[in-house]
Protein chains: 2
Amino acid sequence: MSRSARSGTREEILDAASRLFAATGFKGTSLQDIAGAVGCSKAALLYHFDGKDAILTELLAPAVGAFEELEARLAALDDGAVRLAAVEGFVDLVMRFRREVTVLYGDLPDLLQRPAFAGVQEMKDRLLDALAGRSPAPAARAAALMVLGGVPVVCMEPCGIGDAELRSALVRGAARALDPSGV
Amino acid sequence: MSRSARSGTREEILDAASRLFAATGFKGTSLQDIAGAVGCSKAALLYHFDGKDAILTELLAPAVGAFEELEARLAALDDGAVRLAAVEGFVDLVMRFRREVTVLYGDLPDLLQRPAFAGVQEMKDRLLDALAGRSPAPAARAAALMVLGGVPVVCMEPCGIGDAELRSALVRGAARALDPSGV
DNA sequence: TCAGTTCCTGACCGATCGGACAGTTTTCGG
DNA sequence: CCGAAAACTGTCCGATCGGTCAGGAACTGA
C-alpha cells in the first residue's frame with residue numbers, strides 16, 4: 001500500500017475543496033481557504049496538485065465521466081425512449097453528484113471557456129438533444145433547457161425531503177415539462 | 001438639464017458593467033475591465049459610484065423593483081389563480097431583465113449573503129410559494145424550484161428563436177411542470 | 001473674462017491572489 | 001538504525017484587486 005493512499009491528505013484536500021467551491025464558487029475560494037479547512041499549509045496543496053485548476057479538474061472528473069457514460073447509453077436508444085431515459089438518468093446523476101454539479105453550475109460561464117472543460121459544452125448540447133426527444137422544435141428545446149438548468153437548482157437547495165421522494169418529484173416534474181402532448 | 005444627464009457616462013458605465021457582469025460574473029469582472037470597455041479611467045468609475053458594489057446594486061435596482069411589484073400583484077390573488085399568474089409574470093420579467101437576471105444568477109450564492117440583497121432571498125421564497133400554488137407539498141415545491149431555476153437558464157441562452165415564441169414555450173413548459181394533475 | 005463646479009486622470013496604497021522554492025520533518029524499506 | 005524518498009512548512013515573489021488622493025481639464029453661470 002502506497003504511502004499517499006494511507007495518509008489521505010489528497011482526499012481531504014479534494015473533499016474540502018469541493019465543499020468550499022460549492023459554497024462560495026471556484027473564483028471565490030482561495031488556496032488559503034482550502035488549506036485552512038484541511039489544516040495544512042497552502043504549499044502542501046501545491047505539493048499534491050499542480051495548481052488550483054488541477055484540483056478543480058480532478059474534483060469534477062468522476063462526475064464528468066459518469067455523464068459521459070449516460071450519454072453513451074442514451075445514444076443507443078431510439079427517439080421514442082430517449083426522453084424518459086434522459087430525464088431519469090440526468091436526475092439520478094445530478095443527485096449523485098450534487099456537490100460537483102453545484103460547483104460546475106456555480107461558475108459555468110467562464111469554466112466552459114477552459115480547454116479542460118471543452119467537452120462539457122458538447123456534453124450539455126447532446127444531453128439537451130436527448131431531453132428534447134431529439135426534436136428540433138424550439139418549444140421542445142426550450143423546455144429541455146429549462147429542465148437542464150432547473151434540476152440542478154433543486155438539488156443544490158437543502159429542501160429537507162428525502163432523496164427518494166425528491167427523485168420521484170423531479171422525474172415526474174421534468175417529464176411533465178417535456179411532454180409535448182401536455183397542456 | 002443637469003450636466004451629468006447630458007454626458008451620459010454614468011449610463012455607459014452601467015451598460016458596460018451589466019454586459020461584463022453577465023458574461024464573466026461579478027467577481028470575474030474587475031473595475032479595470034469596466035473602465036476599459038467604457039473608455040475611461042478606473043478612477044472615473046469611482047467618481048460616479050461609491051464602489052464596485054454600488055454599481056451592482058444600482059444595476060439590479062430596476063429588476064428588483066419589478067419583481068417586488070410582481071409579488072405585490074400575486075399576493076392579492078387567491079390560491080387557484082396564483083400559479084398561472086406567477087408563471088406568466090415570472091417569465092415576462094426574466095425575459096425583460098435578461099441581463100440583470102443573468103448577473104444575479106451568476107453569483108447568486110455569495111450575492112445573497114450581502115445585506116443589500118437580503119430581500120432577494122425572501123422574494124425568491126415568496127415567488128417559489130406562488131409558483132407552487134401555495135401548496136406545501138414537497139413535490140409541488142420541487143417543481144416550482146425547478147421552474148424558478150430553469151427559466152432564467154433558458155433566457156440566458158441565445159437560442160435564436162423570437163421572444164414571443166420563447167415566451168409562449170416557457171409559459172406552457174413551466175405550467176406543465178407545475179400542473180399537479182399531470183402525468 | 002473669470003470664479004466655481006463638475007468631471008476626470010495618473011500615481012499610488014494595502015491587501016490578497018496563485019504560485020515558486022529552499023529547507024525541514026516524517027515515514028519506511030533494507 | 002540509517003539513508004532515501006515522501007510530505008510538508010515558512011517565506012518570498014510578481015500580478016492584480018478595490019479603493020484613495022491631489023491635481024488638472026472642461027464646462028457653466030454671471
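Chain A is the first sequence line, chain B the second, and so forth, proteins listed ahead of strands; every chain is numbered from 1.
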Tell me the interatomic distance from [X], atom [atom1], to [N], atom [atom2], rounded to whole angstroms.
X: B/Phe49; N: D/dG18; atom1: CZ; atom2: P; answer: 15 Å
X: B/Ile34; N: D/dT16; atom1: CD1; atom2: P; answer: 17 Å
X: A/Leu45; N: C/dA20; atom1: CG; atom2: C1'; answer: 14 Å
X: B/Leu20; N: D/dG18; atom1: CG; atom2: P; answer: 12 Å
X: B/Phe26; N: D/dC17; atom1: CZ; atom2: P; answer: 13 Å
X: B/Leu56; N: D/dG18; atom1: CG; atom2: C1'; answer: 14 Å
X: A/Lys27; N: C/dT16; atom1: NZ; atom2: C1'; answer: 17 Å

Does this structure show an ion pair linking [X] with [Y], if we count only N-O contacts that are shorter than 4.0 Å?
X: A/Arg19; Y: A/Asp15; answer: yes
X: B/Lys27; Y: A/Asp107; answer: no
X: B/Glu157; Y: A/Lys124; answer: yes
X: A/Asp179; Y: B/Arg176; answer: no

Check: protein-nucleotides 12-15 of chain D nitrogen or oxygen pairs below 3.5 Å:
none

Does B/Arg126 qualify as a cation-pi partner of B/Phe67, given the criterion of NZ or CZ under 6.0 Å from the six-membered ring centre and within 45 degrees of its axis?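 No; the conditions do not both hold, so B/Arg126 does not lie above the ring face of B/Phe67.
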Distance under 6.0 Å and angle within 45° of the ring axis: does A/Arg10 meet both against A/Phe49?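 Yes, A/Arg10 lies over the aromatic ring of A/Phe49.
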Pick base, sugar-phosphate or nothing for A/Ser41, based on heavy-atom distances below 4.0 Å to the nucleic acid.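 Base contact.
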Assign A/Leu46 to base, sugar-phosphate, or nothing according to its heavy-atom contacts below 4.0 angstrom with the strands shown.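 Here A/Leu46 touches the bases of the nucleic acid.
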Of A/Asp33 and A/Asp50, whose closest DNA chain C nucleotide lies nearer the 5' terminus?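 Whichever sits nearer the 5' end wins; that is A/Asp33.
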So which one's nearest nucleotide on DNA chain C is more toward 5', A/Ala43 or B/Ala43?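 That would be B/Ala43.
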In terms of side-chain heavy atoms of [X], which of [options] is nearest?
X: B/Tyr47; options: C/dG18, D/dC8, C/dC8; result: C/dC8
X: B/Leu31; options: D/dG18, D/dC8, C/dA20; result: D/dG18
X: A/Gln32; options: C/dC17, D/dC17, C/dC21; result: C/dC17
X: A/Ser30; options: C/dC21, C/dG18, C/dT9; result: C/dG18

List the steps, then state whether side chain to side chain contact (heavy atoms under 4.5 Å, CB included) holds for A/Leu45 with A/Cys40. CA-CA 8 Å; A/Leu45 307 183; A/Cys40 67; 4.0 Å; yes
In terms of heavy-atom contacts, does CG of A/Asp79 have more than 12 from other residues, nucleotides or ligands at under 6.0 Å?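 Yes.
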Relative orientation of the end axes in the helix from C/dT1-D/dA30 to C/dG30-D/dC1, expressed as an angle to the nearest 10° (five pairs per end):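 Taking the rotation axis at each end, their angle is 10°.
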How many angstroms lie between atom CZ of B/Phe21 and atom CG of B/Leu104, to the nearest 0.5 angstrom?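 That separation rounds to 12.5 Å.
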Where the side chain of B/Lys52 meets the backbone of B/Thr29, is there a donor-acceptor pair that is under 3.5 Å apart?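 At least one qualifying donor-acceptor pair exists.
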Kindly say if B/Thr9 contacts the phosphate of C/dC8, meaning a side-chain N or O under 4.0 Å from OP1 or OP2.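 Affirmative; the distance criterion is met.
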Distance below 4.0 Å between B/His48 side-chain N/O and C/dC8 OP1 or OP2: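 Result: yes.
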